[in-house]
Amino acid sequence: MKDPLLITKEEILKFYKPVNPHTHKGLQGHAVIIAGSYGKIGAAVLASKSCLKSGCGLVTTYTPKCGYQILQISIPEVMVVTDENANFITNIHLPIQPQAIAIGPGIGKELGTQKAVFEFLRVNKTPLVLDADALNILAENQSWLELVPDNTILTPHPKELERLIGKWNSESEKFQKTIAFSEKYKVIIVMKGAPTYIINKNQIYENTTGNAALATAGSGDTLTGIITSFLAQGYEPKYAVKLGVFLHGLTADIALPQTGYQSFIASDIIENLGKAFLSLDH
Ligand SMILES: NC(=O)C1=CN([C@@H]2O[C@H](COP(=O)(O)OP(=O)(O)OC[C@H]3O[C@@H](n4cnc5c(N)ncnc54)[C@H](OP(=O)(O)O)[C@@H]3O)[C@@H](O)[C@H]2O)[C@@H](O)CC1
Ligand SMILES: Nc1ncnc2c1ncn2[C@@H]1O[C@H](COP(=O)(O)OP(=O)(O)O)[C@@H](O)[C@H]1O
Ligand SMILES: [Mg+2]
């Protein structure tokens with residue numbers, strides 16, 4: 001295994017694009033977040049808000065009917081399209097053509113949702129981020145991975161990774177299996193953890209930001225929103241993923257002196273995105 005390349009501010013600044021003063025929301029990208037089910041609409045809220053707060057021009061969230069008011073009231077800037085089902089997603093129909101789509105946070109594994117994910121993957125050609133239950137559904141239906149576009153970004157935590165690639169007996173076996181999976185399906189894998197690694201075929205990158213404050217519910221959901229935002233803004237997947245992982249971790253490093261480890265919650269990631277961006281501009 002090659003030594004990982006470090007994701008540092010210096011590396012990020014090689015491809016980071018400051019916002020063009022003449023841009024408008026139509027140029028800043030339109031992202032769709034497919035997320036949520038009864039009791040887990042918070043995952044949709046966190047992913048959608050972090051997507052908007054990372055510079056995406058327009059965000060549409062696709063969620064079951066029970067998420068409609070929650071989303072409209074908690075984030076008025078986000079547009080909402082609802083599924084025909086009240087409590088979970090059963091049939092994904094998007095009335096728009098976005099530049100990037102994320103699917104998975106909080107969607108659950110109901111049979112109807114599994115079928116909707118299959119139908120979606122069968123027709124979708126848009127750059128994609130797969131997280132949480134979308135990964136769990138794919139782990140149980142591995143042949144569907146053939147439907148995933150090249151350079152799709154997968155963001156498993158260790159348990160989700162294990163469901164996808166099987167158990168490992170050592171760290172080096174974990175990397176070997178993840179590299180093999182990335183090569184087989186031509187996907188980019190964010191191996192979330194402390195630290196987070198990015199596996200892009202046989203390239204390995206190690207993130208240098210973040211701390212244990214991120215060990216809190218919904219912090220992965222916000223990472224999904226952030227990466228999807230950069231994909232929608234036109235960053236190539238290999239750059240969207242590095243910028244997303246780096247800034248996500250940086251929010252926790254910035255917040256730590258104020259929040260300590262214990263009182264930091266996923267909403268603090270979103271709250272500190274502004275300072276994280278500003279630190280790239282200086
Ligand atoms: N507010 C909302 O709406 C929220 C909604 N959410 C949504 O809920 C859904 C279920 O997601 P989930 O990740 O909680 O459940 P699941 O996939 O069974 O994994 C849990 C198991 O994995 C392991 N594990 C995890 N991390 C690990 C690590 N770093 N290192 C090592 N092990 C680790 C750990 O296993 P253990 O150590 O306990 O054996 C743990 O028990 C999903 O759709 C998500 O988006 C959540 O985002 C929360 C906020
Ligand atoms: N101890 C830690 N140090 C650094 N980052 C961490 C730590 N614990 C968790 N994280 C980060 O927090 C996020 C957790 O993601 P995930 O488990 O999917 O959360 P959720 O599903 O609740 O949103 C990942 O980005 C992971 O790297
Ligand atoms: Mg998660």
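Just follow the structure's listing: the first ligand is 1, and inside any ligand the first atom is 1. Not measured: the values here are computed from a predicted model.
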To the nearest 0.1 Å, how far is [atom] from its closest protein heavy atom, and which atom is that?
{"atom": "atom 21 (O) of ligand 2", "answer": "Asp221 OD1, 4.0 Å"}
{"atom": "atom 12 (O) of ligand 2", "answer": "Ser219 OG, 2.9 Å"}
{"atom": "atom 4 (C) of ligand 2", "answer": "Asn211 O, 3.2 Å"}
{"atom": "atom 17 (O) of ligand 2", "answer": "His157 CD2, 3.3 Å"}
{"atom": "atom 39 (O) of ligand 1", "answer": "Lys159 NZ, 4.5 Å"}
{"atom": "atom 18 (O) of ligand 2", "answer": "Lys192 NZ, 2.7 Å"}
{"atom": "atom 43 (O) of ligand 1", "answer": "Asp133 OD2, 2.6 Å"}
{"atom": "atom 1 (N) of ligand 2", "answer": "Ala212 CA, 3.5 Å"}

[atom] protein-contacted (non-hydrogen atom, under 4.0 angstrom):
{"atom": "atom 36 (P) of ligand 1", "result": "no"}
{"atom": "atom 41 (O) of ligand 1", "result": "no"}
{"atom": "atom 13 (O) of ligand 1", "result": "yes"}

Using a 4.0 Å heavy-atom threshold (strictly under), name the region of Arg163 that reaches ligand 1: side chain, backbone, both or neither.
side chain
If you measure from each non-hydrogen atom of His157 to ligand 1, which part falls under 4.0 Å: side chain, backbone, both or neither?
side chain
Between Gly218, Gly220, Pro156, Gly104, which one has a non-hydrogen atom sitting closest to atom 22 (O) of ligand 2?
Gly218
Name the option, out of Gly39, Gly42, Gly106, that contains the heavy atom nearest to atom 45 (O) of ligand 1.
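The nearest heavy atom belongs to Gly106.
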Going by the angle between their ring planes, with limits at 30° and 60°, are Phe118 and Trp144 parallel, tilted or perpendicular?
tilted
Geometric N/O contact Ala43 with ligand 1, under 3.5 angstrom:
yes
Numbered atoms and elements of ligand 1 in range of Lys40, under 4.0 angstrom, heavy atoms:
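Those atoms are 3 (O), 7 (C), 8 (O), 9 (C).
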Is there a polar contact, in the sense of an N or O pair closer than 3.5 Å, between [X] and ligand 2?
{"X": "Leu214", "result": "yes"}
{"X": "Glu160", "result": "no"}
{"X": "Gly210", "result": "no"}

Could you check whether any heavy atom of Gly220 sits closer than 4.0 Å to an atom of ligand 1, since that is the contact criterion I want to use?
no
Quick check on Gly193 - does any of its heavy atoms sit under 4.0 Å from an atom of ligand 1?
no
Could a heavy atom of Ala217 be found less than 4.0 Å from some atom of ligand 2?
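True for this residue.
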What I want to check is whether the side chains of Asp131 and Thr224 have a donor and an acceptor closer together than 3.5 Å.
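Per modelled atom types, Asp131 and Thr224 side chains form a pair under 3.5 Å.
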Inspect the surroundings of NZ in Lys186 and state if more than 12 heavy atoms from other residues, nucleotides or ligands are less than 6.0 Å away.
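Incorrect, the count does not exceed 12.
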For Ala194, take its heavy atoms, then give the atoms of ligand 2 lying under 4.0 Å from any of them.
1 (N), 2 (C), 3 (N), 4 (C)
